[in-house]
Amino acid sequence: MNARTTAIAAFKDAIAPLGGTIKNQNDTPQRAYCRAVLPVTEEVRPKDLLKPGIAIRASGLAIHITPYVFREICGNGAIWAHSSAAISLTVTEDTTDLAIEDFVDASTKLAASEETIAACLEEVRTAIGTKVDVRRLLLSTPSIGILDSDLHLVVALELARQPEATTRYDAMNVVTAIAREIQDPEIKWKLESIGASLLIGAEAKMTPPESRRAAALSF
């Protein structure tokens, strides 16, 4: 069994006792992607229901597990790659299946913890009340630059069409709505990550993978 297959199987085993449900799964020759939601629903404003969850992206080189939030009203999803509970494992020729399984189990539990969920939802609630200048938002979010020029233009135009009262939460949903229609799972992952990063108003400083791996395994 290769690292990608081992990781996805371990992920499904880890979310089952948490009451998690697989929302979607995409597999390519290079990577596998899977998102799950937990049996928790939070109303962040009237009739706007969010379901916290966990997402995994696995290849033969690395495994990433992050908190994930699904918005029921529109079917958008966002990936909290900037969260302290977003954990990465570098896969080498010495990485065993057992090490992958232990990593996935521990980091899935961390991403699904009450503390992690509370932190993600607090960012959402703060963003709902925070207005934003769209031009400054685009300039202050370097990760948007990872998109190809055509998609970058789509994101910029969609954000620019928003009314003056645009909030950070609105901006996130503009980007995740674009992601919802994207078929390429890697681009979708990037857009969903960018969407969540717009909530906090600055480019997230990512902790080195090995440091976050240690945090996960000590959970």
Side-chain angles (χ1 to χ4, degrees), residues 1-42 50-70 77-121 123 179 184-197 204-219:
M1 190 178 292
N2 61 37
R4 183 176 69 241
T5 304
T6 299
I8 295 298
F11 180 66
K12 292 178 178 178
D13 287 342
I15 65 167
L18 301 174
T21 303
I22 299 297
K23 197 71 187 172
N24 59 63
Q25 180 175 346
N26 299 98
D27 297 283
T28 72
Q30 293 77 33
R31 302 180 185 91
Y33 308 78
C34 193
R35 296 164 180 78
V37 292
L38 298 167
V40 178
T41 303
E42 292 285 337
L50 303 184
K51 292 191 74 67
I54 315 100
I56 181 172
R57 174 180 179 268
S59 71
L61 300 176
I63 299 164
H64 309 280
I65 293 182
T66 76
Y68 170 75
V69 170
F70 179 78
I79 289 172
W80 259 252
H82 64 272
S83 168
S84 60
I87 315 294
S88 299
L89 172 68
T90 300
V91 177
T92 71
E93 60 182 13
D94 297 322
T95 305
T96 64
D97 284 353
L98 181 59
I100 291 173
E101 290 165 355
D102 286 347
F103 166 77
V104 170
D105 182 68
S107 52
T108 298
K109 289 175 180 175
L110 177 60
S113 69
E114 291 183 4
E115 293 80 5
T116 298
I117 292 171
C120 293
L121 293 176
E123 288 185 3
D184 185 309
E186 180 64 14
I187 295 176
K188 182 188 290 287
W189 181 279
K190 290 176 180 177
L191 281 169
E192 290 183 342
S193 298
I194 290 169
S197 75
K205 293 182 178 180
M206 304 300 288
T207 306
E210 288 306 310
S211 298
R212 292 192 287 159
R213 175 179 180 271
L217 294 177
S218 64
F219 176 73

Next on the checklist: Go through it in stages, so that I can follow the logic: the residues are Ile63 and Ile56, the test is side-chain contact (heavy atoms from CB on, under 4.5 Å), and I'd like the CA-CA distance, side-chain angles, deciding distance and then a yes or no.
Outcome noted: CA-CA 7 Å; Ile63 299 164; Ile56 181 172; 4.0 Å; yes
Next on the checklist: Could you go through Ser59 and Gln30, starting from their C-alpha distance and side-chain angles, then the distance that decides it, and tell me whether this counts as side-chain contact (heavy atoms from CB on, under 4.5 Å)?
Outcome noted: CA-CA 6 Å; Ser59 71; Gln30 293 77 33; 5.9 Å; no
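- Residues Cys34 and Ile22 form a side-chain contact, since some pair of their non-hydrogen atoms from C-beta on lies under 4.5 Å apart.
- Among pairs with a residue in residues 10-22, none fulfils salt bridge (charged side-chain N to carboxylate O under 4.0 Å, His left out), at least two apart in sequence or across chains.
- When all heavy atoms are compared, the tightest approach of Pro52 to Val40 is CD-O, 3.4 Å.
- For the residue pair Ala112 and Ile117, the shortest heavy atom distance occurs at O-CD1, 3.6 Å.
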Checklist entry - Can you list the steps and then say if Leu38 with Ile54 is a side-chain contact (heavy atoms from CB on, under 4.5 Å)? => result CA-CA 8 Å; Leu38 298 167; Ile54 315 100; 3.8 Å; yes
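- In this structure, CG on Leu121 lies 6.5 Å from CG on Leu50, to the nearest 0.5 angstrom.
- Residue pairs that meet the salt bridge (charged side-chain N to carboxylate O under 4.0 Å, His left out) test with at least one member in residues 33-42, sequence neighbours left out, are Arg35-Glu192, Glu42-Arg125.
- Comment: Lys188 does not engage Asp184 in a salt bridge, judged by the lack of any side-chain N to carboxylate O separation of less than 4.0 angstrom.
- No side-chain heavy atom of Asp27 sits under 4.5 Å from any side-chain heavy atom of Tyr33.
- Within the 4.5 Å cutoff, the side chain of Thr6 has no heavy atoms near those of the Asn2 side chain.
- Rounding to the nearest 0.5 Å gives a distance of 11.0 Å between OG of Ser193 and OH of Tyr68.
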Checklist entry - Could you walk me through whether Phe103 and Ile87 pass the side-chain contact (heavy atoms from CB on, under 4.5 Å) check? => result CA-CA 9 Å; Phe103 166 77; Ile87 315 294; 3.3 Å; yes
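- Atoms NE2 and CD1, from His64 and Ile79 in turn, are 11.0 Å apart once rounded to the nearest 0.5 Å.
- Val104 places none of its side-chain heavy atoms less than 4.5 Å from the side chain of Leu89.
- Atoms CZ and CG, from Phe70 and Asn24 in turn, are 8.5 Å apart once rounded to the nearest 0.5 Å.
- No donor-acceptor contact under 3.5 angstrom links the side chains of His82 and Ser197, judged on distance only.
- Taking CZ of Phe11 as the start and CG of Asp105 as the end, the distance is 11.5 Å to the nearest 0.5 Å.
- Heavy atoms only, all atoms of each residue included: Pro67 and Ala111 are closest at N-CB, 4.0 Å.
- For the atom pair CG of Leu110 and OG1 of Thr66, the computed distance is 11.0 Å after rounding to the nearest 0.5 Å.
- Here the shortest heavy-atom pairing between Arg4 and Arg31 reads CD-C, 3.4 Å.
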